[in-house]
Undergrad: 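There's a structure below that I have some questions on.
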Amino acid sequence: MADLIVHNARITTLDSKGPMATAIAVANGVVVALGDDATVMEKAGSATRVVDAEGRRLIPGLNDSHTHLIRGGLNYNLELRWDGVRSLADAMAMLRAQVARTPAPQWVRVIGGFTEYQFVEKRLPTLDEINAAAPDTPVFIMRLYDRALLNRAALRAVGYDKDTPNPPGGEIQRDRAGNPTGLLLAKPNALILYATLAAGPKLPPEYQINSTRHFMRELNRLGITSVIDAGGGFQNYPDDYAIIRKLHADDELTVRIAYNLFTQNNGGELADFQRWTQMLSAREGDDMLRHNGAGEMLVFSAADFELFGEPRPVLQAGLEPGLEQVVRLLAEHRWPFRIHATYDESIARILDVYEMVNRDVPFDGLHWIVDHAETISDRSIERVRALGGGIAVQHRMVYQGEDFVERYGARAASHTPPIRRMLDAGVPVGAGTDATRVASYNPWVALYWLSTGRTIGGLQLYGEDNRLEREEALRLWTHGSAWFSTEQADKGVLAVGQFADFSLLSADFFAVPDEAILDITSVLTVVGGKVVHGDGDYTALAPALPAPMPDWSPVRHFGGYQGATLAQASAAFAAAHGAGCSVHGHGHAAHHAAPTDDHQGFWGALGCSCFAF
């Protein structure tokens, strides 16, 4: 008998043998039946939980093939998210509200996931505005991996003054007297941003556990059931993996995680991987937490950067011998590996090394990945295919498309990255976000980008020759991504014997207008047959989650991604704007009998147009 049955649904299985169904049955963590309601309900027993989908769209669980969940989870409760906020006025109102509740010596941090192009004002806050909003509380606002804005209190907290030198690859902007203004620029790498952020207070371990649970639940709320974690700077193994390992041991993971190990030592990369290959075997772990190999940093000398407002970085002349040593070691140990590479000039040199190693130690089915690949050429795509590699793409152009067009032109941007060419060449392609800093973790922003070809600011980047149909885009976010953790036989489609990972959507992805894709969430998310998130009528089906810690956490007051659903937007703006509306005499939630069901209309998601002013 089934443990769980969801019926009266519109199920997109992505399985060619049975692409549509209305009901799904689950037992022991896997799918045991799919079909019409009457047939599937035959699997019901006295202990079966039966859920009415009420005609909603149900899809395989989303799988982010390149993100930074483990690092992001440690800090999630500390961060004020401007992801999805649609005006700078509202973002600054949130900032002022958070400053008022944040105790000394804590900081208020806005860490990536947004760009000025999403705001109606089309600009970032000024340093004067930030200092006026927070005269005494340190504020650190990071725009992607491009720059950070620090108020005077934050400059004092990190000790930056007239005598502080610029670090390699970064710039501390100064006034005429030589004093730091508060603007930190990545020119061209983000080390200055990493290092400054690392100087801030951290959560104690018990709070990091709570923070990671809330971040996973936020991903579940958006329909994500699996991720591949690409490591990251200042994310050391094994120390910085203790929290995620404890959550796994306590059976509290609500997202399946495959993790890659990212070298931390410039010049000592080979030693890192020699040590780690003695500690871990290839793909060690289980279906909830599994080692996934090396990267996305293999050697620092082979890493380029993705700041499209800056000139393309040229890789070091002598990178090949160091990269060859590391890749040879990984191939000998049969470790999968991935590498950060934005520009084709970098990719071509990296592929030279891979081909050299492959002649001596054949990759022979070993999964390896090029991450990002915005300007990869047709020739390099073919070389990736010939070596059996895959390409993981992310929606970084959603946030930097305008910057790219300004530097390289609209024609070059129209195939950046050339996703259609990758697919036509038969290369495995998986989709992701590269969250939480360089882009938002919201998969629906990425699905919007893949299917419309537009940036978050509305700029049309791609023509029909580089846009995907919505089902194609969904496939990259499900079965496409599964290849990148060598799990394509187990997940990514809904079929008998596959993992029971799926999401019931707040709106039909295949029917809503383009702009409405951005606001889709999941009302019911299931991982391994267990309900991990429920909203609205399904809230009671999900396990309770302790409140965010500490009690002043931005997550406790604003939540995460600021979408335009009625409940989320009402709560966020009520918290940000205070008691009520001075024009209409009510709070910023639905108050009058207005057509608030039309979230795209004049009245908007809040039931009142005055929130925009």
Side-chain angles (χ1 to χ4, degrees), residues 9-22 24 34 53 55-65 84 221-226 391-398 401 414-415 417-424 428-433 439-456 458-483 491-495 501-525 561 563-565 599-600:
R10 287 176 290 172
I11 302 175
T12 297
T13 70
L14 298 181
D15 178 16
S16 60
K17 297 177 181 177
M20 301 298 294
T22 63
I24 183 171
L34 279 157
R56 293 182 174 87
R57 178 70 60 183
L58 188 150
I59 63 170
L62 300 178
N63 183 353
D64 192 328
S65 65
R221 185 183 70 83
L222 296 167
I224 291 177
T225 59
S226 292
I391 302 173
V393 298
Q394 303 83 38
H395 64 317
R396 304 192 309 183
M397 287 290 285
V398 162
S414 67
H415 294 92
I419 299 172
R420 173 62 64 196
R421 294 175 187 169
M422 298 173 190
L423 293 171
D424 289 346
V429 179
T433 62
S440 175
Y441 53 75
N442 189 339
W444 298 101
V445 178
L447 285 157
Y448 165 83
W449 163 70
L450 288 167
S451 57
T452 69
R454 292 197 286 271
T455 70
I456 198 71
L459 177 65
Q460 187 70 53
L461 293 174
Y462 312 141
E464 291 186 6
D465 62 339
N466 201 37
R467 295 198 301 266
L468 304 185
E469 297 295 330
R470 293 188 188 185
E471 184 171 312
E472 286 183 294
L474 180 63
R475 193 175 295 278
L476 295 195
W477 262 94
T478 50
H479 195 249
S481 290
W483 184 93
K491 62 184 177 184
V493 301
L494 294 175
D501 300 350
F502 54 83
S503 300
L504 189 65
L505 302 182
S506 61
D508 190 344
F509 173 55
F510 298 107
V512 296
D514 288 344
E515 297 302 314
I517 294 172
L518 293 165
D519 296 316
I520 292 175
T521 60
S522 173
V523 297
L524 180 74
T525 306
Y561 190 88
T565 58
H599 293 175
Q600 309 303 315

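Values reported hereafter were calculated over all heavy atoms of this structure, with side chains retained and with hydrogens, waters and symmetry mates removed. All residue numbers refer to positions in the sequence shown, counting from 1.
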Undergrad: Y462 and S414: which non-hydrogen atoms are nearest, and at how many Å?
TA: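 Heavy atoms only, the tightest pair is CD2-O, 3.3 Å.
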Undergrad: Mark yes or no for whether R470, through its side chain, and S451, through its backbone, hold a donor-acceptor pair below 3.5 Å.
TA: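 The answer is no, because no donor-acceptor pair under 3.5 Å joins these two groups.
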Undergrad: Give a yes or no answer on whether the side chain of S65 reaches the backbone of A431 with a donor-acceptor pair at less than 3.5 Å.
TA: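 Yes; at least one donor-acceptor contact below 3.5 Å.
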Undergrad: Do S481 side-chain atoms and N63 backbone N/O form a donor-acceptor pair below 3.5 Å?
TA: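 Yes, S481 side chain to N63 backbone: donor-acceptor pair under 3.5 Å.
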Undergrad: Please give me the minimum heavy-atom distance between H479 and K491, naming the atom from each residue.
TA: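 Scanning both residues, the minimum pair turns out to be CD2-O, 3.5 Å.
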Undergrad: Distance-only, no hydrogens or angles: does the W444 side chain make a donor-acceptor pair with backbone N or O of L222 under 3.5 Å?
TA: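 Answer holds: yes.
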Undergrad: Suppose we screen for side chain to side chain donor-acceptor pair (under 3.5 Å). Which residues come up paired with E469, at least two apart in sequence or across chains?
TA: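 With neighbours one apart ignored, the set is empty.
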Undergrad: Work out which heavy atom in L58 is nearest to a heavy atom in A9; give both atom names and the distance.
TA: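 Of all heavy-atom pairs spanning L58 and A9, the closest is CB-CB, 4.3 Å.
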Undergrad: Would you give the length of the straight line joining atom CG of L447 to atom CD1 of I520, rounded to the nearest 0.5 angstrom?
TA: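 The CD1 atom of I520 is 8.0 Å from CG of L447, to the nearest 0.5 Å.
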Undergrad: Could you walk me through whether V398 and Y448 satisfy the side chain to side chain contact (heavy atoms under 4.5 Å, CB included) test, starting with their C-alpha distance in whole Å, then the side-chain angles of each, then the deciding distance to 0.1 Å, before giving a yes or no?
TA: CA-CA 9 Å; V398 162; Y448 165 83; 5.5 Å; no
Undergrad: Within this structure, what is the CG-OG1 distance for the pair L34 and T22, rounded to the nearest 0.5 Å?
TA: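 So the gap between those two atoms works out to 9.5 Å.
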Undergrad: Going by heavy atoms in the side chains, are R420 and D465 under 4.5 Å from each other?
TA: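 No - every pair of side-chain heavy atoms lies 4.5 Å or more apart.
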Undergrad: Drop me the distance from T478's OG1 to D501's CG, to the nearest 0.5 angstrom.
TA: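 These two atoms lie 11.5 Å from each other.
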Undergrad: Might you point out which heavy atoms bring T225 and G61 nearest each other, and give the distance in Å?
TA: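 Minimum heavy-atom separation between T225 and G61: OG1-CA, 3.2 Å.
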Undergrad: Counting distance only, does the side-chain N/O of D64 pair as donor-acceptor with the main-chain N or O of T433 below 3.5 Å?
TA: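 The answer is yes, because a donor-acceptor pair under 3.5 Å joins these two groups.
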Undergrad: Can you name the nearest heavy-atom pair linking V393 to P417, along with the distance?
TA: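 Shortest heavy-atom separation between V393 and P417 comes out as CG1-CG, 4.2 Å.
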Undergrad: How long is the straight-line distance from CD1 of I11 back to CZ of F502, given to the nearest 0.5 Å?
TA: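 So the CZ of F502 and the CD1 of I11 are separated by 7.5 Å.
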Undergrad: Given N442 and H395, is the side chain to side chain contact (heavy atoms under 4.5 Å, CB included) satisfied, shown in steps?
TA: CA-CA 10 Å; N442 189 339; H395 64 317; 6.0 Å; no
Undergrad: Output all residues satisfying salt bridge (Lys or Arg N to Asp or Glu O under 4.0 Å) with R467, sequence neighbours left out; order by chain, then residue number.
TA: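 Partners of R467 under the salt bridge (Lys or Arg N to Asp or Glu O under 4.0 Å) test: none.
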Undergrad: Measuring from atom CZ of R10 to atom CG of L504, what distance do you get when rounded to the nearest 0.5 angstrom?
TA: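 Spacing of CZ (R10) from CG (L504) equals 10.0 Å.
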Undergrad: Dump the intermediate steps for side chain to side chain contact (heavy atoms under 4.5 Å, CB included) on L62 and I224, then the final yes or no.
TA: CA-CA 4 Å; L62 300 178; I224 291 177; 4.2 Å; yes
Undergrad: Is there a donor-acceptor contact under 3.5 Å from the side chain of T13 to the main chain of G18?
TA: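 At least one qualifying donor-acceptor pair exists.
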Undergrad: Do Q460 side-chain atoms and T452 backbone N/O form a donor-acceptor pair below 3.5 Å?
TA: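 Judged by distance alone, yes, a pair lies under 3.5 Å.
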Undergrad: Kindly indicate whether the side chain of D519, heavy atoms from C-beta on, has any atom under 4.5 Å from the side chain of V512.
TA: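 A side-chain contact under 4.5 Å is absent here.
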Undergrad: Quick check: does any side chain N or O of R475 sit under 3.5 Å from a backbone N or O of L14, one acting as donor and the other as acceptor?
TA: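 Present.
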Undergrad: Go through it in stages, so that I can follow the logic: the residues are L524 and R56, the test is side chain to side chain contact (heavy atoms under 4.5 Å, CB included), and I'd like the CA-CA distance, side-chain angles, deciding distance and then a yes or no.
TA: CA-CA 10 Å; L524 180 74; R56 293 182 174 87; over 6 Å; no
Undergrad: Quick check: does any side chain N or O of S506 sit under 3.5 Å from a backbone N or O of T521, one acting as donor and the other as acceptor?
TA: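 A pair under 3.5 Å: yes.
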Undergrad: How many angstroms lie between atom CD1 of I59 and atom CZ of F509, to the nearest 0.5 angstrom?
TA: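 Nearest 0.5 Å value for the CD1-CZ distance: 8.0 Å.
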Undergrad: Any side-chain heavy atom of T525 sitting closer than 4.5 Å to one from R221?
TA: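 No, every pair of side-chain atoms sits at 4.5 Å or beyond.
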Undergrad: Quick one: does N466's side chain have a donor or acceptor within less than 3.5 Å of a partner on P418's backbone?
TA: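 Side chain of N466 to backbone of P418, a donor-acceptor pair under 3.5 Å: no, none is there.
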